[in-house]
Amino acid sequence: MLATATITRERRELVRIVKAGIADFEDSVQNDPRFRRDCLTEPLSTYRIHHERVYQEVKAAASEDREPHFTGDMERYFDRLVYDGLNAG
């Protein structure tokens with residue numbers, strides 16, 4: 001039972017981390033004009049759509065007590081959001 005509670009807590013924490021990654025991305029877009037010019041390789045709307053999909057999958061996985069599942073580009077977006085979320089500050 002303790003292991004299940006720990007896993008559930010970790011999945012909820014992952015939701016928080018992804019949300020922080022999205023917030024960090026949005027702060028960068030709003031506050032640093034060079035970020036848009038130098039770092040974005042796709043239209044801003046594409047990033048936002050993928051971020052929403054990643055967030056929804058992580059949130060659904062946490063509520064269903066399962067691992068989130070991503071393939072292809074979505075896995076790349078997930079990894080980046082987790083990285084940014086862990087390093088936001």
Side-chain angles (χ1 to χ4, degrees):
M1 186 68 170
L2 182 59
T4 302
T6 301
I7 292 170
T8 300
R9 188 172 38 255
E10 288 173 356
R11 290 185 179 143
R12 284 191 206 126
E13 179 67 7
L14 185 58
V15 172
R16 187 200 64 75
I17 290 168
V18 167
K19 199 170 183 179
I22 293 170
D24 185 64
F25 173 84
E26 290 295 332
D27 284 348
S28 296
V29 167
Q30 298 301 320
N31 298 326
D32 187 357
R34 293 174 306 175
F35 180 83
R36 275 189 166 181
R37 184 187 69 231
D38 298 339
C39 298
L40 300 184
T41 59
E42 301 175 47
L44 182 57
S45 60
T46 302
Y47 284 92
R48 288 180 171 150
I49 289 167
H50 289 312
H51 289 172
E52 181 63 24
R53 288 179 183 162
V54 167
Y55 177 70
Q56 291 302 322
E57 171 59 17
V58 169
K59 198 165 91 172
S63 69
E64 296 168 10
D65 203 24
R66 62 174 173 81
E67 291 292 320
H69 177 70
F70 302 103
T71 58
D73 284 346
M74 296 308 289
E75 187 169 0
R76 182 174 53 92
Y77 280 98
F78 171 73
D79 291 345
R80 185 62 201 200
L81 288 174
V82 169
Y83 176 83
D84 289 346
L86 289 171
N87 294 301

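What you see is a predicted model; the values in this text were computed from it and never measured.
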>> Are the side chains of Tyr77 and Val82 in contact, using a 4.5 Å heavy-atom criterion?
In response: no
> Sequence neighbours excluded, which residues qualify as side chain to side chain donor-acceptor pair (under 3.5 Å) partners of Arg16?
Replying inline: Glu13
>> Hydrophobic cluster membership, with links at side-chain heavy-atom distances under 4.5 Å among I/L/V/M/F/W/Y: are Leu81 and Leu86 in one?
In response: yes
Identify all side-chain donor-acceptor contacts of residues 52-64 below 3.5 Å with residues at least two apart in sequence or on another chain.
| unit_1 | atom_1 | unit_2 | atom_2 | d |
| --- | --- | --- | --- | --- |
| Glu52 | OE2 | Gln56 | NE2 | 2.6 |
| Glu57 | OE1 | Arg66 | NH2 | 3.4 |
| Glu57 | OE2 | Arg66 | NH1 | 2.7 |
| Glu57 | OE2 | Arg66 | NH2 | 3.4 |
| Glu57 | OE2 | His69 | N | 3.0 |
| Ser63 | OG | Ala60 | O | 3.0 |
| Glu64 | OE1 | Arg66 | NE | 2.6 |
| Glu64 | OE1 | Arg66 | NH2 | 3.3 |

> Where is the tightest heavy-atom contact between His51 and Ile22, given as atom of each residue plus distance?
Replying inline: O-CD1, 3.7 Å
> Run the side chain to side chain contact (heavy atoms under 4.5 Å, CB included) check on Tyr83 and Ile17 step by step: do they pass?
Replying inline: CA-CA 9 Å; Tyr83 176 83; Ile17 290 168; over 6 Å; no
Only pairs under 3.5 Å count here: list side-chain donor-acceptor contacts from residues 33-41, not counting sequence neighbours, and write none if there are none.
| unit_1 | atom_1 | unit_2 | atom_2 | d |
| --- | --- | --- | --- | --- |
| Arg34 | NE | Asp32 | OD1 | 3.3 |
| Thr41 | OG1 | Tyr47 | OH | 3.2 |

> What do the steps show when you test Leu44 against Phe25 for side chain to side chain contact (heavy atoms under 4.5 Å, CB included), and what is the final call?
Replying inline: CA-CA 11 Å; Leu44 182 57; Phe25 173 84; 3.7 Å; yes
> Rounded to the nearest 0.5 Å, how far does CD of Glu67 lie from CG of Leu14?
Replying inline: 8.5 Å
> If only atom types and distance count, is the side chain of Thr46 paired as donor or acceptor with the main-chain N or O of Glu42 below 3.5 Å?
Replying inline: no
>> Does Asp73 form a salt bridge (charged side-chain N to carboxylate O under 4.0 Å, His left out) with Arg76? I'd like the steps, not just the answer.
In response: CA-CA 5 Å; Asp73 284 346; Arg76 182 174 53 92; 3.7 Å; yes
